[in-house]
Amino acid sequence: MTPGVALGAPSELELSRRAWRQRRARRSTLVALLSTLLFGVVAYLVVTSAPGWPRVRTTFFSPTVAWESMPEIGAGLWLNLQVLLVGGFLVMVVGLLAALTRSLRGPAFAPLRIVATAYVDLFRGIPLIIVLYLVGFGFPALGLQGMPTSPFVLGTAAIVLVYGAYVAEVFRAGIESVHPSQRAAARSLGLNHRQTMRIVVLPQALRTVTPALLNDFVALQKDVGLISVLGAVDAVRSAQILVGQSFNFTPYVVAGLLFVLLAIPSARLADAVTARARRRQQSGSLL
Amino acid sequence: MSEVASSPVGAAPAPVLEVRGVVKAFGDNVVLRGVDLAIGEHQVVALIGGSGSGKSTLLRCASLLETVDDGQVLLDGEDITDPRIDADRVRRRMGVVFQAYNLFPHLSVLDNVTLAPTVVHGRSKGEAREEALALLARIGLSDKADEFPDRLSGGQQQRVAIVRALAVHPRVLLLDEITSALDPELVGEVLAVVREVATQGMTIVMATHEMGFARQVADTVAFLDGGVLLECGPPAQVLGDPVEARTRQFLARVIDAGRL
Ligand SMILES: Nc1ncnc2c1ncn2[C@@H]1O[C@H](COP(=O)(O)OP(=O)(O)OP(=O)(O)O)[C@@H](O)[C@H]1O
Ligand SMILES: [Mg+2]
């Protein structure tokens, strides 16, 4: 631990420091456990003592309804997952292309730059649900030859349009966060604009934006549930159908919990990546 | 240092790099007001001057990282400020080292050095690698070839940056205050590398605050003040017995700061 001093035999001082840290860590854990427990008990008592609780319990938290609705909602969730995977990939492609287009220099690229900027401004401003309606119902209404009508395709397209605009800005922020000297160093070695982007700027930008991208991915995970407004039978729509049949709201709770379960791994991954990025930036410092 | 050492700068035959009446402004701030400077083959020119006098701007104009507002820069007699010229091709013939943020942090030391030779100059990976390792050995950093830049000290990073610039066999090496971001004890090792490169005959223009080093290594010292090249000549004359009052003032301040 301490360079220059013979290793293997920590001093009395260091031993006492370590013991103190360990004691403090144990105490913190205990305090955290107790306060969580206390909070849980209080919340439980407040909810169950509410006058409407018995009714709420049977209409929202019925175990039998939950169990019976599982297969259909699960099947619906599979559709959400497909939208998530296909859409997530396309979002990255569209976002990166838009960001790179906006970073192009030179008057010849002005039209492209303007289109990319307009795209980002437009789709960052419109609520996703409106884009879903416009794409989902407007495109098929055009009656064009070969226009897809499946809510899966149209819903994914709408989501990609909106999230692509967000992600484009994330990428652009990442590209701009790379110190200008890096570009100067690359250009002065004779690399052209494209080589500089590909070999020097983008790899560094990607590292910076990974935490932000993962957060957007978590947000995307629940927004894929919105394709249900186009009639796609996903987890949300399945739950809706089941609720309509049984007049019991438990399927909504089930669908909600399934979405949470889906989101937890990526949320933890996002946290871990963010923490790692921060550690790398300030390795050695205590704060 | 070399055969042209004693000849005055303007008169050097067939200069490698020549700056003619270069003007550069950022908005209303006129930074270079018509600078003339010629650097002959194997010459080492030290560019001195106060902070904000335009040293970095001059080097950035010469390496085409900025466009000039007037005047010309010629490399081997070719006007490289001509907009019709391919700037990327010109930059391949120059090596530039900056004050900081030089190395690419996501590439290993070896990849930093071999990047331009392979990607820009189309040399084979093996060949570039061999030469890079030989260069790294010369500066005593062979064992760091596979490290990433953040594992190196500032001095080691700057030495690698010099090697990276040399790996493309540039006609001229432009160094912009490459030691001013370093702890004093690391300055020596970087200057030693510059000195060796100069002894090998490389043509060098360097902006520097290290007057002692300029005196020992440079053939010519050029004093830039408010965007004008006030004085230019052998180090002994410019640093020892300057003609201009401004130069004397500047040197007095530098001596006060303990850098001469
Ligand atoms: N990109 C830029 N945009 C606007 N002004 C700039 C830019 N680069 C330099 N300047 C201005 O040009 C002037 C000269 O700057 P320059 O960096 O060339 O000075 P310098 O001699 O290298 O100083 P130092 O010794 O501090 O490095 C300064 O007034 C600076 O503010
Ligand atoms: Mg400078």
Side-chain angles (χ1 to χ4, degrees), chain A residues 3-4 96 99-100 103-110 170-171 173-213 273-286, chain B residues 56 59-66 83 86-107 111-123 148-151 157-158 160-176 178 181:
Chain A
L96 191 58
L100 286 176
S103 79
L104 287 176
R105 296 278 159 264
F109 298 115
V170 172
F171 275 126
I175 288 171
E176 275 165 17
S177 77
V178 176
H179 199 280
S181 300
Q182 286 286 307
R183 218 166 307 210
R187 296 311 292 274
S188 67
L189 282 171
L191 274 70
N192 60 31
H193 177 83
R194 276 180 57 177
Q195 291 167 328
T196 302
M197 264 295 166
R198 185 167 53 84
I199 306 174
V200 175
V201 177
L202 274 185
Q204 296 186 53
L206 271 180
R207 274 193 196 180
T208 336
V209 301
T210 306
L213 285 180
V273 170
T274 312
R276 217 190 64 186
R278 199 173 41 227
R279 264 204 310 281
R280 198 172 38 212
Q281 261 176 13
Q282 46 182 227
S283 53
S285 113
L286 275 173
Chain B
S56 299
L59 291 179
R60 291 177 65 87
C61 285
S63 51
L64 299 189
L65 292 171
E66 304 277 2
D86 181 355
D88 289 328
R89 288 188 62 86
V90 171
R91 292 198 196 96
R92 288 176 206 172
R93 292 190 277 147
M94 301 197 226
V96 187
V97 183
F98 306 91
Q99 186 176 332
Y101 297 109
N102 248 303
L103 299 181
F104 304 130
H106 60 298
L107 299 179
D111 288 342
N112 262 281
V113 178
T114 56
L115 176 65
T118 52
V119 172
V120 180
H121 297 260
R123 261 182 260 155
F148 283 84
D150 60 357
R151 303 284 301 272
Q157 289 186 30
Q158 277 306 48
V160 174
I162 296 172
V163 159
R164 185 180 66 180
L166 289 175
V168 299
H169 305 291
R171 280 293 283 148
V172 55
L173 194 59
L174 307 176
L175 310 176
D176 189 2
I178 57 170

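Lettering follows sequence order; numbering is per chain, from 1. Remember, predicted model here, so these are calculated numbers, not experimental data.
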For this session: Side chain from CB out, backbone as N, CA, C, O: work out which of these in A100(B) comes under 4.5 Å of a heavy atom of chain A, or both, or neither.
Result: backbone

For this session: Work out which heavy atom in Q195(A) is nearest to a heavy atom in V120(B); give both atom names and the distance.
Result: OE1-CG2, 4.5 Å

Problem set entry | Side-chain touch Q182(A)/P105(B), heavy atoms, less than 4.5 angstrom | yes

Seminar exercise, completed: Heaviest contributor of heavy-atom pairs below 4.5 Å to chain A, chosen from L174(B), L103(B), D88(B), is D88(B)

For this session: For P203(A) and H106(B), work out which heavy atoms get closest and say how close.
Result: CB-CD2, 3.4 Å

Problem set entry | Region of F104(B) in contact with chain A, defined by heavy-atom distances below 4.5 Å | both

Seminar exercise, completed: So OG of S188(A) and CG of D176(B): to nearest 0.5 Å the spacing works out to 11.0 Å

For this session: For L65(B) and A184(A), work out which heavy atoms get closest and say how close.
Result: CD2-O, 3.9 Å

Seminar exercise, completed: Closest non-hydrogen contact found for R164(B) with A185(A) is NH2-CB, 3.7 Å

For this session: Return the minimal non-hydrogen interatomic distance between I199(A) and L115(B), and the atom names on each side.
Result: CG2-CD1, 3.5 Å

For this session: Rounded to the nearest 0.5 Å, what's the gap from CG on L191(A) to CZ on R92(B)? Could you check?
Result: 9.0 Å

Exercise. Of the non-hydrogen atoms in R91(B) and R187(A), which two are nearest, and what is the gap between them?
Worked result: CD-O, 3.0 Å

